[in-house]
Student: 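Pasting a structure below so you can have a look.
Values below: all heavy atoms of this structure, side chains included; hydrogens, waters and symmetry mates excluded. No experiment lies behind these values; they were computed from the predicted model shown.
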Amino acid sequence: MNLVHRHRLQLVGFLLSLLGWVLTGTCNYLPDWKNLNLDLNVLELWTMGLWQTCIVQDVGGTQCKDFDSFLDLPLEFRISRILVSTSNGLGFVSLVIASLGLDCLKAEEPEQKLKKQLLLLGVILLWTSAVLALVPVSWVAHTIIQEFWDEDIPEIVPRWELGDALFSGWFGGVFIVLGGSLLLSTICSSSDHQFPEKYAMADVQDAHQQLETGQRRL
């Protein structure tokens with residue numbers, strides 16, 4: 001892989017990771033992790049997120065209320081709030097670390113190894129942040145689907161459905177994984193090509209030294 005191609009892959013991988021981080025952050029604060037349509041009033045849509053509940057009316061008005069206590073949340077929402085918030089913070093740190101290892105930042109030869117280590121650390125942290133976002137989103141979705149098809153609940157009881165925030169979290173986590181994978185591929189490709197080049201330069205230097213030694217003897 002040539003240098004220009006590696007630069008482009010790194011840029012695409014970093015932008016994908018950045019987009020994924022934005023989507024997971026949006027997922028954290030969107031108030032529609034799950035929504036509920038009431039048969040008694042079809043003009044209102046109830047939504048519930050990690051931080052607040054909202055009533056969305058067809059006439060355009062939206063009323064939201066923050067949760068009074070963390071303990072008022074269902075178990076899956078309490079765990080999800082912790083995991084997704086941790087994912088957002090870890091994702092920001094990983095993006096900063098990964099950016100320090102990009103090839104677009106010029107560095108001397110002794111610093112190239114450090115840059116690769118920073119990029120590798122950034123990729124590992126990116127994948128960790130993706131897992132921290134995907135797990136709670138999938139858990140909440142599983143709970144909603146399980147309750148929706150629960151035959152023990154009377155049919156007249158309204159059922160919660162999947163909200164848009166869950167899809168934002170899924171897409172965000174996948175984009176982070178894809179972006180981190182592209183960044184990792186550039187690390188592996190640069191390693192594969194660097195060592196032969198290094199050895200080739202060493203062979204040239206040895207041949208040059210032998211030639212100079214032979215000329216001196218003559």
Student: Decide yes or no on side-chain contact (heavy atoms from CB on, under 4.5 Å) for F167 and L30, but give the supporting numbers first.
Tutor: CA-CA 11 Å; F167 296 95; L30 280 177; over 6 Å; no
Student: For residues T24 and V84, determine if any side-chain heavy atom of one lies less than 4.5 Å from a side-chain heavy atom of the other.
Tutor: no
Student: To check you understand the geometry: which heavy-atom pair defines the closest contact between S185 and L9, and what is its length?
Tutor: OG-CD1, 4.2 Å
Student: Evaluate K115 against L118 for side-chain contact (heavy atoms from CB on, under 4.5 Å), listing each step before the verdict.
Tutor: CA-CA 5 Å; K115 287 182 59 177; L118 288 174; 5.5 Å; no
Student: Could you tell me whether the side chain of S85 and the main chain of R81 form a donor-acceptor pair under 3.5 Å?
Tutor: yes
Student: Minimum heavy-atom separation for G173 to A130, with atom names?
Tutor: O-CB, 3.7 Å
Student: Counting C-beta onward and ignoring hydrogens, is there a side-chain heavy-atom pair between C54 and Q52 closer than 4.5 Å?
Tutor: yes
Student: What class does the angle between the rings of F175 and F171 fall in, given that below 30° is parallel, 30 to 60° is tilted and above 60° is perpendicular?
Tutor: tilted
Student: Hey, is CH2 on W170 packed in by over 12 heavy atoms from elsewhere, all under 6.0 Å?
Tutor: yes
Student: When you compare the side chain of R78 with that of F70, does any pair of heavy atoms fall below 4.5 Å?
Tutor: yes
Student: Please test L134 against I176 for side-chain contact (heavy atoms from CB on, under 4.5 Å), starting from the C-alpha separation and ending with a verdict.
Tutor: CA-CA 10 Å; L134 290 172; I176 292 176; over 6 Å; no
Student: Less than 4.5 Å apart, side chain to side chain, heavy atoms only: is that true for L162 and K34?
Tutor: no
Student: Checking S168 side chain against L23 main chain: does a donor-acceptor pair fall under 3.5 Å?
Tutor: yes
Student: Ignoring hydrogens, what is the shortest heavy-atom contact between A165 and C27? Give both atom names and the distance.
Tutor: O-SG, 3.3 Å
Student: Would you give the length of the straight line joining atom CG of L120 to atom CD1 of I97, rounded to the nearest 0.5 angstrom?
Tutor: 11.0 Å
Student: In this structure, which one of V140, L73, V135 forms a side chain to side chain contact (heavy atoms under 4.5 Å, CB included) with S80?
Tutor: V140
Student: Taking all non-hydrogen atoms of both residues, which atom of S129 and which atom of L90 are closest, and how far apart?
Tutor: N-CD2, 3.9 Å
Student: Do L95 and F92 share a hydrophobic cluster (ILVMFWY, side-chain heavy atoms under 4.5 Å, transitive)?
Tutor: yes
Student: When rounded to the nearest 0.5 angstrom, what distance separates CD in E44 from OG1 in T62?
Tutor: 10.5 Å
Student: If we only count heavy atoms from C-beta on, is the L102 to L100 side-chain gap below 4.5 Å?
Tutor: no
Student: Please round to the nearest 0.5 Å and tell me the distance separating atom CG of L132 and atom CG of L125.
Tutor: 10.5 Å
Student: Does the side chain of Y29 reach to within under 4.5 Å of the side chain of L50, using non-hydrogen atoms?
Tutor: no
Student: Using a 4.5 Å cut-off on heavy atoms from C-beta on, say whether the side chain of V131 contacts that of V177.
Tutor: no
Student: In Å, rounded to the nearest 0.5 Å, how long is the span from CD1 of I187 to CG of L182?
Tutor: 11.5 Å
Student: How many angstroms lie between CH2 in W46 and CD1 in I55, if you round to the nearest 0.5 Å?
Tutor: 3.5 Å
Student: Mind checking whether Q10 and L119 have side chains closer than 4.5 Å, heavy atoms only?
Tutor: yes
Student: Checking T143 against I145 for the side-chain contact (heavy atoms from CB on, under 4.5 Å) test, could you report, in this order, the C-alpha distance in whole Å, the side-chain angles of both residues, the deciding distance, and whether it holds?
Tutor: CA-CA 6 Å; T143 303; I145 295 174; over 6 Å; no
Student: Any chance you could measure T186, atom OG1, to L11, atom CG, to the nearest 0.5 Å?
Tutor: 11.5 Å
Student: Checking side-chain polar atoms at under 3.5 Å, does W51 have a donor or acceptor matched by the opposite partner on N28?
Tutor: yes
Student: How far apart are the closest heavy atoms of W33 and P136, and which atoms are they?
Tutor: CZ3-O, 4.2 Å
Student: Does a side chain donor of either S94 or W21 reach within less than 3.5 Å of an acceptor in the other side chain?
Tutor: no
Student: Answer yes if L18 and V96 sit in the same cluster of Ile, Leu, Val, Met, Phe, Trp and Tyr residues linked by side chain heavy atoms under 4.5 Å apart, and no otherwise.
Tutor: yes
Student: Is it the case that one hydrophobic cluster holds both L166 and I82, taking links as side-chain heavy atoms less than 4.5 Å apart, direct or via other members?
Tutor: yes
Student: Identify the heavy atoms of L16 and G179 that sit nearest to each other, and give their distance.
Tutor: CB-CA, 3.9 Å
